[in-house]
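Here's the structure we're looking at; comments come further down.
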Amino acid sequence: MRFTKFFIPTLREIPTEAEAISHKLLLKAGYIRQLASGLYIFLPLSWRVLNRINRILNEEMVAINAQEITMPILHPAEIWQTTGRWYEIKEEMFRLKDRGGRDMCLGMTHEEIMTWLASKEIRSYRELPQIWYQIQTKLRDEARPKSGILRTREFIMKDSYSFDMDEEGLERSYNLHANAYHKIFTRCGLKFFKVESDPGMMGGACAHEYMAPSPAGEDDIVICDKCGYIANIEIAKSIPSLNQKLQWELEEIFTPEKRTVKEVSEFLNIDPSFFIKSLLLISSEGYVLALLRGDQDLHEKKLTKIIGPFRIAQKEEVLSHLNVEAGFIGPVGYKGRIIADLSLKEGVYITGANKMHYHIKGVRPEIDFSAEWHDLHIACDGDHCPNCSNTLRIEKAIEIGNIFKLGTKYSIPLNALFLDNKGVERPMIMGSYGIGPARVAAAAVEQNHDEDGIIWAKAIAPFDIEILPLNMSDKNTVELADALYANISEIYNSLTDRNLDVLLDDRNVRPGVKFKDADLIGIPIQIIIGERSLKNNYIEVKRRRTKETFKIPIKQAEAEIVKIYYETD
RNA sequence: CGGGGCGUAGCGCAGUCUGGUAGCGCACACGGUUCGGGACCGUGGAGUCGGAGGUUCAAAUCCUCUCGCCCCGACCA
C-alpha cells in the first residue's frame, strides 16, 4: 500500500478529550475518530488491525470446531421478554418500535437469539454438541462510555455459544474455549490473566474473565504471585493481616464528638484495625447490622449475595431505630441480625457503645456478641492469599474476554430441548464466550507503546513493514523503494498464511515527518532508504520496538529484511 | 443518575472576571529557499464564538434555558 493512496490522518496535537494512552495514540496516529460519545469510526489503519485480530479469532474458533454464523442486530422484544431480561435490564438496552408498533431492541448480546435458533433446530442428542459464533456488532446504552474504544456504546464482539447435552459436555466446551482464548491472546501479544469472576446476571455457576493488566483498565484484579490465585476484586477472597492480640479489659471510654473510625482512632492513637466498624443497613427483611474491621471496606456485592438488595440506613433512621447517633453504634447489646466479616472472629476490639459520645474497648467477638460470619470486605493490597497466605497485590486490568457457564438459564425459558438416547426430553446445557476485538487492540496499545507512539505485535500490526524513502525527488531512492516494495510484498509469510503487507511512505515530505509518523503508527519494521547510505550501497532496517538499526547491503536487501522481520519479537 | 470541567477556524489555545470592529500557534492553498527526526520566508483562504431566548445603544463577554463532550463516582448481562 502506498501512503499517498491510503487515508492516515495523523495529528500533530492530540484533542483534549483523550485521556487514556490508547485513546490518545489511536487518535494521533490516525486510527480512529469519534462520532459521538461512545461511538467511534475505525479508519483504514485500525480496521486492518481489527481484521487481523478477527482473523486470529476465526482461526482459533474453527480449531475448536466452532461454526461462524451471523445474527440480526435488531431483535423482537418477545424473545427477551421470555427470558425476563427485557424487564431486568433497564436503560442499558436500546429499545424502539417498528412501524407496526411492535417492541424491538438492539442486541446487547445474543444468548436469547442463539438459544432461540437452537430451540427451533435441534431435536436430538445426535446433533449435539454445537458451538456457534459470530463477530458481530453489539449495542449498549452505556451509562458512561469512556477511554476511547475501551468502553463504547456500539462495539464488535466475537461471541460464541455452546450447546451440550450434559454438564460434562459443557465442561469440555468451556475448556476448549479457555484453551482457544489462551492461544488468541498470546498470539495477539498481550500480557493477560485468566481470573475467576462473578457470573453476575449471566447466571450460571462458573465464569472467568481474561484480563489485560493496564492502568487504563476499569477492573481491579487480586493476584497471588506465589500460588497463582487470581480473581476479580468483585469476588476475590482475602485474609487481612492479623493484629497482635491485646489484653484489653472491657471498658467504656469517653469519645466526645468522635464518630468515624478515623476520628476515634486518632483520638485514642490506636490503629483502625483494632476497631469494629458497624453499619446499619436496611434490607427487604428489615434492619441488619454489618460489621467490618476498621481498616476495611464493605463489599456491597458480597453482602447482597447474603441478604439480598439493601441500602445503608440514613442518619435519622439510625437514630430512631437505635436511639443513638450513627457514630456510636456497635454490636454489643444489639438485638437483631448481625453479619460480621470473618476477619473479626479473632481479636479484641473497640467499637461503638450504643451510647452517645462513648465507645467500648476490649470487645471480644463470640463472647460479647454473636454474629453470622461471612467474607464481607474488599480485598486490598497487602492482604493475604486465601489459599497459601502469601501477600496479595492488586492490579488494574482491561477485560478483554470472558467465558461463562450458563447451564439452563436460557435453554429452559426458551424451550431449547432435545431428546437424549433414552428418549427423555432435556434442556441443553449452554455456555457463552466473548472477546472484544477493539478492546484487544486498545489493550495492545496500552501495553505496548513508548514516548514516540504505538508498538504493534507482528500478528496484529496494520502492516508488517514500512518503507521510508527519505527523498522522493531522488531517482535512485524511489527506484529502490519501488523495487523493494514490489518484491517484499510478494514474499509469503508462513507464520500467518499470507503475504507480507508493506506500507510505502511515498509522500513528498521531509524525512523528519516520515520518521515521526512511522514511529507513531507503530509498524514493526522500518526500512530507511536515504541518499547518504545509498551512496555506500546499503539501506537501514529498524525495529520499531527496540529501535535497533541494521545496515544492510542493497544486494542482499530482500533476504535480510525478511530475516530481520522473522527474528523480530 | 450525583459531583467536577470544557464548548471561540481542521487541531491546540488566548480573549469572558471589568460588554465596545474575533486573535495566536500548528494545519491547509500558492510562490520561493530547503531536505536523515514534525524546516524557513512571503502571500492567502478559513470562525453562525455549541444553540435559543433575554438585558443593553452595543454581547464571545452579563442573565435564563438548552444541547454536546470529557473526567470522578454509581452502574456495567
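Residue numbering restarts at 1 for every chain, and letters A, B, ... go by the order of the sequence lines.
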[atom1] atoms of [N] and [M], separation to the nearest Å:
N	M	atom1	answer
B/rC72	B/rC30	P	43 Å
B/rG51	B/rU61	P	10 Å
B/rC41	B/rU66	C1'	48 Å
B/rA77	B/rG37	C1'	49 Å
B/rU33	B/rA52	P	49 Å
B/rC49	B/rG10	P	13 Å
B/rG73	B/rC13	P	23 Å
B/rC65	B/rC57	P	24 Å

Residues that [X] engages under side-chain hydrogen bond (donor to acceptor under 3.5 Å, both in side chains), provided they are two or more places apart:
X	answer
A/Asn54	none
A/Lys302	A/Asp375
A/Asn402	A/Glu399
A/Glu540	none

Dump every N/O contact between nucleotides 22-25 of chain B and the protein below 3.5 Å, one line per pair.
{"unit_1": "B/rG25", "atom_1": "N2", "unit_2": "A/Glu13", "atom_2": "OE1", "d": "2.9"}

For [X] and [N], what is the distance between atoms [atom1] and [atom2] respectively, to the nearest whole Å?
X	N	atom1	atom2	answer
A/Leu406	B/rA77	CG	C1'	10 Å
A/Arg153	B/rA77	CZ	P	18 Å
A/Leu35	B/rG68	CG	P	13 Å
A/His23	B/rC70	NE2	P	8 Å
A/Ile21	B/rC71	CD1	C1'	16 Å
A/Asp219	B/rC75	CG	C1'	13 Å
A/Glu91	B/rG2	CD	P	12 Å
A/Met93	B/rC75	CE	C1'	16 Å

Applying a 3.5 Å limit to both distances, which nucleotide forms a Watson-Crick or G-U wobble pair with [N]?
N	value
B/rU18	none
B/rU61	none
B/rC11	B/rG25
B/rC6	B/rG68
B/rA74	none
B/rC40	B/rG32
B/rG47	none
B/rU55	none

Inset, instruction - Can you sort out the partners of A/Arg102 under salt bridge (Lys or Arg N to Asp or Glu O under 4.0 Å), two or more places apart, ordered by chain and number? - result: A/Asp98
Contact class for [X] (heavy atom, under 4.0 Å): base, sugar-phosphate, or nothing?
X	result
A/Glu17	sugar-phosphate
A/Ala18	nothing
A/Glu218	nothing

Legend entry - Gap separating the CD1 atom of A/Ile552 from the CD atom of A/Glu558, nearest 0.5 angstrom: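 With rounding to 0.5 Å, CD1 (A/Ile552) is 12.0 Å from CD (A/Glu558).
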Legend entry - Which residues share a side chain to side chain contact (heavy atoms under 4.5 Å, CB included) with A/Lys305, sequence neighbours left out: A/Asp198, A/Ile235
Inset, instruction - Could you tell me which residues satisfy side chain to side chain contact (heavy atoms under 4.5 Å, CB included) with A/Asp295, sequence neighbours excluded, listed by chain and number? - result: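 Here the qualifying residues are A/Pro272, A/Ser273, A/Arg293.
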Check the orientation of [X] and [Y]. Use parallel for under 30°, tilted for 30 to 60°, and perpendicular for over 60°.
X	Y	answer
A/Tyr210	A/Phe185	tilted
A/Trp132	A/Phe163	tilted
A/His75	A/Trp80	parallel

Inset, instruction - Would you tell me if any nitrogen or oxygen in the side chain of A/Arg144 comes within less than 4.0 Å of OP1 or OP2 on B/rC72? - result: yes
Legend entry - N/O (side chain, A/Lys146) to phosphate O (OP1/OP2, B/rC72) under 4.0 Å: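 True: A/Lys146 side-chain N/O within range (under 4.0 Å) of B/rC72 OP1/OP2.
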Legend entry - Near-ring test A/His208/A/Tyr181, centroid separation under 6.0 angstrom: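 Aromatic pair excluded; centres sit 6.0 Å or further apart.
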Inset, instruction - Only counting residues at least two apart or in another chain, list the ones meeting ring-ring contact (aromatic ring centres under 6.0 Å, His included) with A/Tyr40. - result: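 With sequence neighbours excluded, A/Tyr40 shows a ring-ring contact (aromatic ring centres under 6.0 Å, His included) to A/His23, given in chain and number order.
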Inset, instruction - Please figure out whether A/Ser147 or A/Thr16 has its closest RNA chain B nucleotide nearer the 5' end. - result: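 Taking each residue's closest nucleotide, the earlier one in sequence belongs to A/Thr16.
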Inset, instruction - Would you kindly compare A/Ser37 and A/Asn402 by the position of their nearest RNA chain B nucleotide and give the one closer to the 5′ end? - result: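 Nearer the 5' end of the strand: A/Ser37.
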Inset, instruction - Using a 4.0 Å heavy-atom cut-off, write out nucleotides 32-47 of chain B from 5' to 3' as B (base contacted by protein), S (sugar-phosphate only) or - (no contact). - result: --BSBBBB--------
Inset, instruction - For RNA chain B, find the residues of residues 436-448 of chain A with a heavy-atom distance under 4.0 Å and give them by number; none if there aren't any. - result: none
Donor-acceptor pairs under 3.5 Å, side chain of residues 475-485 of chain A to any protein atom, not counting sequence neighbours: which ones?
{"unit_1": "A/Thr477", "atom_1": "OG1", "unit_2": "A/Asp474", "atom_2": "OD2", "d": "2.5"}
{"unit_1": "A/Asp482", "atom_1": "OD1", "unit_2": "A/Arg2", "atom_2": "NH2", "d": "3.1"}
{"unit_1": "A/Tyr485", "atom_1": "OH", "unit_2": "A/Met1", "atom_2": "N", "d": "2.5"}

